[in-house]
Asker: 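Just passing along the structure, written as structure tokens.
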Number of protein chains: 2
Amino acid sequence: MIRNMSHNSFALLQARGYKLTEPRRRVIEQLHDRRRALTALELHQLLASEGISLASIYRTLELLVELGLAEAATRSGDEQRYIACSPGQHHHHIVCSRCGRVADITECLLEPFEDVVRERTGFTIESHTLEFHGYCSACRQ
Amino acid sequence: MIRNMSHNSFALLQARGYKLTEPRRRVIEQLHDRRRALTALELHQLLASEGISLASIYRTLELLVELGLAEAATRSGDEQRYIACSPGQHHHHIVCSRCGRVADITECLLEPFEDVVRERTGFTIESHTLEFHGYCSACRQ
DNA sequence: ATAATAAACGCAAATGATTCGCAATATGTC
DNA sequence: GACATATTGCGAATCATTTGCGTTTATTAT
Ligand SMILES: [Mn+2]
Ligand SMILES: [Mn+2]
Ligand SMILES: [Zn+2]
Ligand SMILES: [Zn+2]
């Protein structure tokens with residue numbers, strides 16, 4: 001079923017007419033299997049033995065975000081981190097500040113508040129970004 | 001009172017032992033007065049007549065974030081945007097996707113949920129990033 | 001007010017993450 | 001298996017941000 005999530009991404013990629021290439025397959029696998037927010041460089045190092053170029057990793061990440069199969073972590077230092085994600089259900093993540101491990105928060109806690117926010121601010125609301133930060137059980141002091 | 005918010009930042013800067021210089025004063029004023037999420041380059045252009053270097057603008061923004069007087073917008077394209085903020089009270093922002101205008105959401109909607117998130121994910125929660133995106137009244141279609 | 005001192009500035013060069021051009025290659029199709 | 005074309009790897013280019021350094025400025029003490 002871990003396998004399954006990668007395979008869902010493979011399928012969606014192909015359904016949209018993109019080729020399922022080795023670099024894409026490997027990047028998707030790593031993102032899903034590690035369950036961590038990873039940088040392009042980290043992915044490149046994890047895949048060092050495969051001879052995949054850093055450019056292809058960047059291109060793959062861009063495509064995955066476009067397809068909703070990955071998203072950029074909001075807390076960005078110098079390097080952007082990416083999180084594997086399944087498209088469709090709107091939800092959020094908690095990311096370990098030490099090891100980058102990601103857990104899903106399977107539903108959105110905020111939709112009930114969008115009306116309140118609209119009334120208070122006079123803005124229409126199109127979307128929001130929410131990410132929790134903390135420590136996973138392995139990294140907790 | 002708009003003036004006031006800038007002055008609060010001026011005061012905090014000095015209270016922490018930093019010099020209140022012309023570049024710092026001007027960057028703080030712009031961020032507060034425009035009420036928009038601005039890039040370093042935009043600030044540089046807004047302050048073109050003052051002969052302030054881009055380097056100083058970057059250095060000032062870094063300091064303001066460090067002091068909690070500004071924060072980086074979470075939806076970052078290529079250039080990072082910065083939002084003036086008063087330290088102390090935890091709250092969030094809604095940012096206009098067209099003009100960058102910012103409104104405060106004066107309280108945090110999420111603290112009640114942190115327990116739930118902790119229980120569900122097994123993570124301890126240290127913080128979260130939340131930002132709404134939409135259109136201000138002037139930019140609404 | 002003036003001088004002293006360190007912080008902060010402006011400038012130009014450096015850095016470094018990300019992007020791009022292009023020839024070579026791999027993938028999906030017939 | 002051969003074909004057409006999307007995608008790759010490589011190296012160069014880009015460009016936002018950072019840094020080194022000599023000069024200027026804000027603050028504190030005469
Ligand atoms: Mn997810
Ligand atoms: Mn604010
Ligand atoms: Zn962890
Ligand atoms: Zn607007």
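A quick note: this is a predicted structure, and the numbers were derived from the prediction, not measured. Order of the sequence lines fixes the chain letters, A, B, ..., with proteins taken first and strands second; residue numbering starts at 1 for each chain.
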Asker: With 3.5 Å as the limit, what N/O pairs link the protein to nucleotides 14-16 of chain C?
Answerer:
none

Asker: Does dT18(C) have OP1 or OP2 sitting under 4.0 Å from an N or O in the side chain of Tyr58(A)?
Answerer: yes
Asker: Kindly write out the residues that satisfy ring-ring contact (aromatic ring centres under 6.0 Å, His included) with His133(B), not counting sequence neighbours, or none if the list is empty.
Answerer: none
Asker: Should Ile83(B) and Leu13(B) be regarded as members of a common hydrophobic cluster, given that ILVMFWY residues are connected when their side-chain heavy atoms come within less than 4.5 Å of each other, either directly or indirectly?
Answerer: no
Asker: List in numerical order all residues of residues 44-53 of chain B for which some heavy atom is under 4.0 Å away from an atom belonging to DNA chain D.
Answerer: none
Asker: Below 30° counts as parallel, above 60° as perpendicular, anything between as tilted: where do the rings of His90(A) and His128(A) land?
Answerer: perpendicular
Asker: Checking Ala138(B) now: which residues fulfil side chain to side chain contact (heavy atoms under 4.5 Å, CB included) with it, not counting sequence neighbours?
Answerer: Arg101(B), Cys136(B)
Asker: Can a donor-acceptor pair be found, under 3.5 Å and without considering hydrogens, that links the side chain of Gln80(B) to the backbone of Ala73(B)?
Answerer: yes
Asker: Which residues satisfy the side chain to side chain contact (heavy atoms under 4.5 Å, CB included) test with Ser137(A), sequence neighbours excluded?
Answerer: Arg140(A)
Asker: Give the B/S/- string for nucleotides 23-30 of chain C, one per nucleotide from 5' to 3', where a protein heavy atom under 4.0 Å of the base yields B, of only the sugar-phosphate yields S, and otherwise -.
Answerer: ---BBS--
Asker: How bent is the helix from dA1(C)-dT30(D) to dC30(C)-dG1(D), comparing axes over its five end pairs at each side, to the nearest 10°?
Answerer: 50°
Asker: What residues form a salt bridge (charged side-chain N to carboxylate O under 4.0 Å, His left out) with Glu50(B), not counting sequence neighbours?
Answerer: Arg26(B)
Asker: Restricting to side-chain hydrogen bond (donor to acceptor under 3.5 Å, both in side chains), what partner residues turn up for Thr74(B), sequence neighbours left out?
Answerer: Thr129(A), Glu131(B)
Asker: For DNA chain D, determine which residues of residues 59-75 of chain A have any heavy atom closer than 4.0 angstrom to one of its atoms, and list them numerically.
Answerer: Arg59(A)
Asker: Could you check whether any side-chain N or O of His44(A) sits under 3.5 Å from a backbone N or O of Ile52(A), counting only pairs where one atom can act as donor and the other as acceptor?
Answerer: yes
Asker: What side-chain donor-acceptor pairs closer than 3.5 Å can you find for residues 55-67 of chain B, not counting sequence neighbours?
Answerer:
unit_1   : atom_1 : unit_2   : atom_2 : d
Ser56(B) : OG     : Ser53(B) : OG     : 3.1
Thr60(B) : OG1    : Ser56(B) : O      : 2.8

Asker: Grab the CZ-P distance between Arg26(B) and dT25(D) for me, whole Å please.
Answerer: 14 Å
Asker: Just to verify, what does Ile125(B) make a side chain to side chain contact (heavy atoms under 4.5 Å, CB included) with, not counting sequence neighbours?
Answerer: Ile94(A), Phe132(A), Glu114(B), Val117(B), Arg118(B)
